[in-house]
Number of protein chains: 2
Amino acid sequence: MEFKEAKNKFVQTWGALGSQWGINKTMAQIHALLMVSNEAVSMEDIMDELQISRGNASMNLRALMDWGIVYKEYKAGERKEFFTAEKDLDELAVKISRERSKREIKPALKILKEVSSIAVKDSAEEKHFVEQTSKLYDFVLKADNMLDKITEFNENWLGKLVLKIMK
Amino acid sequence: MEFKEAKNKFVQTWGALGSQWGINKTMAQIHALLMVSNEAVSMEDIMDELQISRGNASMNLRALMDWGIVYKEYKAGERKEFFTAEKDLDELAVKISRERSKREIKPALKILKEVSSIAVKDSAEEKHFVEQTSKLYDFVLKADNMLDKITEFNENWLGKLVLKIMK
DNA sequence: TTAAACTTTCAAAAATAATTGAAAGTTTAT
DNA sequence: ATAAACTTTCAATTATTTTTGAAAGTTTAA
């Protein structure tokens, strides 16, 4: 396999993986492309390599920047904008999990808290509902915190120790 | 908020969360419904509560069973089938991560290994590609293994210790 | 200013994914 | 064997999401 083919395969695979995890394909593809580019890429080149429209490129680049995992760059003497991806994978993981937590987990937790706090009659059905949603609240909260801690600690000795123990 | 409203809110929220994570809305809703039901539910009742067609219910129940997080049950004297969800949340997490790993992460790893193993000329561009995809391979592999270990250990003392340390 | 070079926006179109419902399939009771 | 009770399948429909492209917006240079 030669370079161009490999690069394309990577971009396609990353795009497919993205859609399986609720991230739009083009967004994941642009990110993949920038991840493996050794220098900043212009919108023109992104459009060209991925065969997408200007509007699509613009919107998904904006989304990636909102996630904090793609940055704009300016080159001296050049009028147009260039883009690079966060390439430190630990940093990338931290940003993605922070963002998903903020956008999706935290709001879900709020609802879980609400629905698990209703006053119930003593029917088995209602009791079970409260019990189960309470457990779910605790579980999701714990998992959410754990992700925080893992990403926070994974560069220091404690994280490394934990990883070692778990291996 | 009274029970029925809370239950509906929970099912809707879980469904929305599902779609944000690449799981179809109805599938997540059925799962939510079964999670908070204290007894097995018939297909008829699922169709009724979620206002969905028979075909939809059938297909998504099959998918949930394929994931190993919903079970069929038979009641004595009853002709029709009833369904229950895995209600132990640790067990649920284990099954979901095993399944996503098998279906999505493992195939992605295979591709990552492939594309990171190409022979490259000594252009900076190609070198960077190989370096970056290799790092990504290592990272994803480590994360995948870690999930395994966390889910595997989270019911025993070591897991509890780790959780405590991380708190 | 003005105009060229570039980016963003968003309504319409296209692509993709989910859902329906009725026919086909299966199981059980008689 | 037959029919009733139930489930599965899948082509067609519907809903949702993504993408396009051209007009509007912005910035920079002269």
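Letters go in sequence order (proteins before strands), and every chain restarts at 1.
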Residue A/Lys25, side-chain heavy atoms: nucleotide from D/dT19, C/dT19, C/dT8 that is nearest: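 Between D/dT19, C/dT19, C/dT8, the one nearest the side chain of A/Lys25 would be D/dT19.
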Out of C/dC10, C/dT20, C/dT19, whichever nucleotide has its closest atom nearest the side chain of B/Ile52: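 Among C/dC10, C/dT20, C/dT19, the one nearest the side chain of B/Ile52 is C/dT20.
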Phosphate-side-chain proximity, [X] and [N], N/O vs OP1/OP2 below 4.0 Å:
| X | N | value |
| --- | --- | --- |
| A/Lys75 | C/dC6 | no |
| B/Asn56 | C/dG21 | no |
| A/Thr26 | D/dT19 | yes |
| B/Lys72 | D/dC6 | no |
| A/Ser58 | C/dT9 | no |

Please check if any side-chain donor atom of B/Thr26 sits under 3.5 Å from a side-chain acceptor atom of B/Asn60, or the reverse.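 Distance-only check fails for B/Thr26 and B/Asn60.
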Taking [atom1] from [X] and [atom2] from [N], how many angstroms apart are they, rounded to a whole number?
| X | N | atom1 | atom2 | value |
| --- | --- | --- | --- | --- |
| A/Ile30 | D/dT19 | CD1 | C1' | 12 Å |
| B/Met59 | C/dA24 | CE | P | 18 Å |
| B/Met43 | D/dA5 | CE | C1' | 12 Å |
| B/Tyr74 | C/dT26 | OH | P | 15 Å |
| B/Gln29 | C/dA18 | CD | C1' | 12 Å |
| B/Ile46 | D/dC6 | CD1 | P | 15 Å |
| A/Asn60 | C/dT8 | CG | P | 12 Å |
| B/Lys80 | C/dT28 | NZ | P | 16 Å |

Less than 4.5 Å apart, any side-chain heavy atom of B/Tyr71 and any of B/Met65?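 A side-chain contact is absent here, since even the closest heavy-atom pair is not under 4.5 Å.
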Using heavy atoms to find the nearest nucleotide of DNA chain D for A/Gly55 and A/Asn24 separately, return the residue whose nucleotide is more 5′.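 Whichever sits nearer the 5' end wins; that is A/Asn24.
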Please tell me which of A/Ser19 and A/Arg62 maps to the more 5' nucleotide of DNA chain C, matching each residue to the nucleotide holding its nearest heavy atom.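 Counting from the 5' end, the first nearest nucleotide belongs to A/Arg62.
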[X]/[Y] ion pair, N-O < 4.0 Å:
| X | Y | result |
| --- | --- | --- |
| B/Lys75 | B/Glu81 | no |
| A/Glu114 | B/Lys9 | yes |
| A/Glu99 | A/Arg103 | yes |

Does B/Arg54 make a side-chain donor-acceptor contact with the base of C/dA22, cut-off 3.5 Å?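 Answer no: no donor N or O sits under 3.5 Å from an acceptor.
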Can a donor-acceptor pair under 3.5 Å be found between the side-chain atoms of A/Arg79 and the base atoms of C/dA4?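 Checked by distance alone, the answer is yes.
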Tell me what A/Glu44 touches on the nucleic acid: a base, only sugar-phosphate, or nothing, going by heavy atoms under 4.0 Å.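 If one applies the 4.0 Å heavy-atom cut-off, A/Glu44 turns out to touch nothing in the nucleic acid.
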